[in-house]
Number of protein chains: 2
Amino acid sequence: MPNRRPTAQDVAKHAGASRSAVSMVMNGNADGNVSPDMQERIRRAAAELEYTPHPIASGLRRQRSRMIGIVTDEAASSPFAGRMLAGASQAAAGHGYLTVIADAGGPAADTTHFIDELRRRRVDGLILATQSLRTIVVPDGLRLQPSVLANCRDAAGTMGAIIPDEVRGGREATEHLISLGHRRIVWIGGGVDVDARPARIRGFQAALAAAGLPPGEVVEAGWDIDDGFRAAEALFAPENGPRPDAVFCASDRVATGALLAARTAGLDVPGDISIMGYDDQRHLADATVPGLTTMALPHEGMGRVAAERIIAALDSNAEIGAETTLLECPLVVRGSTGPAARA
Amino acid sequence: MPNRRPTAQDVAKHAGASRSAVSMVMNGNADGNVSPDMQERIRRAAAELEYTPHPIASGLRRQRSRMIGIVTDEAASSPFAGRMLAGASQAAAGHGYLTVIADAGGPAADTTHFIDELRRRRVDGLILATQSLRTIVVPDGLRLQPSVLANCRDAAGTMGAIIPDEVRGGREATEHLISLGHRRIVWIGGGVDVDARPARIRGFQAALAAAGLPPGEVVEAGWDIDDGFRAAEALFAPENGPRPDAVFCASDRVATGALLAARTAGLDVPGDISIMGYDDQRHLADATVPGLTTMALPHEGMGRVAAERIIAALDSNAEIGAETTLLECPLVVRGSTGPAARA
DNA sequence: CTGAAAGCGCTAACAA
DNA sequence: TTGTTAGCGCTTTCAG
């Protein structure tokens, strides 16, 4: 099983060159230093022996591990974690970096230990990713090396972050509804404890105002299916006045509840009413009847951009910057929105 | 920012000892070799300087990276991936191992490249994890070092695997329903292309038989909400004969559809009918009205046990074995199941 | 019981 | 243009 791998020494012997020549060829630094035909012989020898440089040895020498660490708060409880990790790992792999993960299994404040552990392991850069959008006090360890925040922002405002553009998401979702001919659009749900809510509502109202429509009604409710169900049920009751053309839900779960309420009230979606979700929660938004039109949270993109931003800084030896990058939430059109009935 | 870290040399000087003494103390090999008071002085010096051994250097020397790699097929599209990765990373961290990930972003067959890349990076062990339960042809690279499969099994049967015990899950779910007094229980859903379905149905029928009940009816349908809705709608239509006491759904999505159909048909859940899900899909099973009673897929456990099994082999220098470990799917009781009405 | 010496495999500065 | 040398920080053997 062990199958000893060849070393640069072996390749050098095989090609009749020196170890350092091999090293230079493998690292692309050979051009002014090793004759072209020697380079070719080395390359051939390397290929023949299936030589590939030992990353641990080169890491030791260069004082670079080519690993980037991701520490997450309770990835286990989020259906979105996989997307972020996949995005980061794919981006990193594309630049020859390895992605190492540490899940704190608890709130972001408990990540300190894991950050230290990853630093001890000599990761070149660090991503701190939270499962829901929030503002956090950044653990000290993060500041000691290139790091960015994903899906959260620094209370001190001095650390770079990648977060969804929720205002724009709220706006574009609303524009989609308006373009379909809807005029009376009601917002449902989203507990007040989460940062995303006010931003989305701001976008919602901005789009309405831009279209010359009056401010939209905002119905308080939580984030879950039954919150959406109850709120929509009340909204659809005839005694509560005219029905809205469309509802814009704080989450796909709320939207699923609204869908259910519409069905219970005998309303056709989207014939009688359009329902818009938010999150693009896999195995939910794509699994309702009809499928939910929704704004996708860019988890994969956050992972990718976070990794790319760190790697760019690492590879150019530059500072990473404190800017906050806002990522677009793409509109995913499924069946739950359609043209206004009276349009 | 770089803040040079102390080396074993620094500690040795500080404590008036030799580098090797420091090494032995840090690795617990000091007892017959370094005098107790010298050990104490070294330990104190290490603490004072906040010395921690350089894992890359020791890895190079020991030819061990203390990293275990996880390669996943399309983690990005699964809401369960995070649990598995969190389980593995927590278990690994507990033993001083680092978890590195590589997401193939495609089917399991495309993981070869990522396996090779992780091997090149000198991971000590490898986990190949699939997002849905299946039998796969194991890529060659996996056999060249300690590896286990998570959520999939080896077509050749020679590689260790950790998978959910779906037969037992099907049985225990059914037993839960039977214990509630239900007698006529119908299975709904689960396309035929997925391995999990026949196993769950086998458990379902076994529990029925063990209770002296006739074989349960099995309704064909897919895995999604609308599949569950349609199947349940037909099942609940009065013209299709007496209603079942309970339905056992192939997935939480199907169960969500069934819940919706029950509501549409004016049935109370669980008063008139109990609905059982499968998967414990986060942000769905816990977000319906009422919450779904379901069998949890042990993703976190699979990650944890896979990591532990590899690490145990690594740390004892033993073979890893070809056994398949079956993990229990825990019953999660929420509101969608209750006592039979006529009981 | 202790410390010096020899690398692990690689890279980069330097000398030829 | 080439090859030699001196480490990166650690572990482990072996002579004191």
Side-chain angles (χ1 to χ4, degrees), chain A residues 2-43 45-46 49-67 96 119-124 317, chain B residues 2-43 45-46 49-67 96 119-122 124:
Chain A
N3 93 322
R4 193 182 88 72
R5 285 163 176 270
T7 74
Q9 184 67 272
D10 298 327
V11 177
K13 198 178 306 168
H14 203 80
S18 70
R19 251 154 72 239
S20 39
V22 174
S23 172
M24 287 172 159
V25 170
M26 297 309 290
N27 292 294
N29 297 355
D31 262 358
N33 301 308
V34 180
S35 64
D37 63 320
M38 183 81 265
Q39 290 191 35
E40 189 42 37
R41 273 165 61 204
I42 290 176
R43 248 183 284 275
L49 301 178
E50 294 185 347
Y51 167 73
T52 131
H54 193 310
I56 301 202
S58 95
L60 176 60
R61 180 62 231 239
R62 288 202 233 246
Q63 304 288 63
R64 286 274 179 112
S65 61
R66 288 193 88 83
M67 300 193 299
R119 278 176 39 75
R120 200 183 70 70
R121 284 295 212 132
R122 303 301 196 280
V123 296
D124 292 338
N317 239 311
Chain B
N3 92 322
R4 194 181 89 71
R5 287 165 176 268
T7 73
Q9 185 67 272
D10 299 327
V11 177
K13 198 178 306 169
H14 202 81
S18 70
R19 253 155 69 239
S20 39
V22 174
S23 171
M24 287 172 160
V25 170
M26 298 307 291
N27 292 293
N29 297 352
D31 263 359
N33 301 309
V34 180
S35 67
D37 62 322
M38 184 79 261
Q39 289 192 36
E40 188 44 37
R41 273 166 57 206
I42 289 176
R43 248 184 285 275
L49 299 179
E50 295 184 344
Y51 168 73
T52 131
H54 193 309
I56 301 203
S58 93
L60 177 60
R61 180 61 231 237
R62 287 202 235 246
Q63 303 288 65
R64 285 273 179 115
S65 60
R66 289 193 88 82
M67 300 193 299
R119 278 175 40 76
R120 199 183 70 71
R121 285 292 214 136
R122 303 302 197 277
D124 291 338

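Residue numbers start from 1 in every chain, and the chains themselves are labelled A, B, ... in the order their sequence lines are given, proteins ahead of strands.
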Dot-bracket summary - DNA chain D, pairs being Watson-Crick or G-U whose distances fall under 3.5 Å, with | when paired to another strand | |.||||||||||||||
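- Side-chain atoms of Arg64(B) never come within 3.5 Å of backbone atoms of Gly59(B) as a donor-acceptor pair (strictly under, hydrogens ignored).
- Between the CZ atom of Arg19(A) and the C1' atom of dC10(C) there is a distance of 8 Å, rounded to whole Å.
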Let me see the working for Val22(A) and Arg43(A) under side-chain contact (heavy atoms from CB on, under 4.5 Å), right down to the final yes or no.
-> CA-CA 8 Å; Val22(A) 174; Arg43(A) 248 183 284 275; over 6 Å; no
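- The nucleotide whose nearest atom lies closest to any side-chain atom of Ala8(A) is, among dT2(C), dA12(C), dC10(C), dC10(C).
- No contact: Val22(A) has no heavy atom under 4.0 Å from any strand.
- Under 3.5 Å, the side chain of Ser23(B) and the base of dT12(D) form no donor-acceptor pair of N or O atoms.
- As a whole-Å value, the separation of Arg122(B) CZ from dC10(C) P is 8 Å.
- Closest of all the heavy-atom pairs between Arg122(B) and Pro55(A) is NH1-CD, 3.9 Å.
- Distance check, rounded to the nearest 0.5 Å: CD of Gln63(A) to CZ of Arg5(B) gives 11.0 Å.
- Here the straight-line distance linking atom OG1 of Thr52(B) with atom CZ of Arg121(A) works out to 10.0 Å at 0.5 Å rounding.
- For Arg121(B) and dC10(C), the CZ to P distance is 14 Å, given to the nearest whole Å.
- Atoms CZ and OG1, from Arg19(B) and Thr7(B) in turn, are 8.0 Å apart once rounded to the nearest 0.5 Å.
- Atom OG in Ser65(A) sits 10.0 Å away from atom CD1 in Ile56(A) (nearest 0.5 Å).
- No contact: Ala21(B) has no heavy atom under 4.0 Å from any strand.
- Distance check, rounded to the nearest 0.5 Å: CG of Asp124(A) to CZ of Arg119(A) gives 11.5 Å.
- Residues Pro6(B) and Leu49(B) come closest through the heavy atom pair CG-O, 3.3 Å.
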If you restrict it to nitrogen or oxygen atoms, what contacts under 3.5 Å exist between nucleotides 14-16 of chain C and the protein, and what is each distance?
none

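- For the pair Arg41(A) (side chain) and Gln39(A) (backbone), a donor-acceptor distance under 3.5 Å is absent.
- If you measure from atom CE of Met26(A) to atom C1' of dA12(C), you get 17 Å, rounded to the nearest angstrom.
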Step-by-step side-chain contact (heavy atoms from CB on, under 4.5 Å) determination, Asn33(B) to Met38(B) | CA-CA 10 Å; Asn33(B) 301 309; Met38(B) 184 79 261; over 6 Å; no
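- Within 3.5 Å, no donor on the side chain of Ser18(B) pairs with an acceptor on the base of dA4(C), nor the reverse.
- Phosphate proximity of dC8(D) to Thr7(B): absent, as no side-chain N or O sits under 4.0 Å from OP1 or OP2.
- In this structure, Asn29(B) atom CG and dT2(C) atom C1' are separated by 15 Å, rounded to whole Å.
- Following rounding to the nearest Å, Leu49(B) (CG) and dG9(D) (P) show an atom-to-atom distance of 15 Å.
- Between the CE atom in Met24(A) and the OG atom in Ser18(A) there is a gap of 8.0 Å [rounded to 0.5 Å].
- Distance Arg5(A) CZ to dC8(C) P: 17 Å, rounded to the nearest Å.
- Within residues 52-67 of chain A, the residues that have a heavy atom under 4.0 Å from DNA chain C are, in order of number, Pro53(A), His54(A), Ala57(A), Ser58(A), Arg61(A), Arg62(A).
- Note: CG (Asn33(B)) to P (dT11(D)) measures 14 Å, nearest angstrom.
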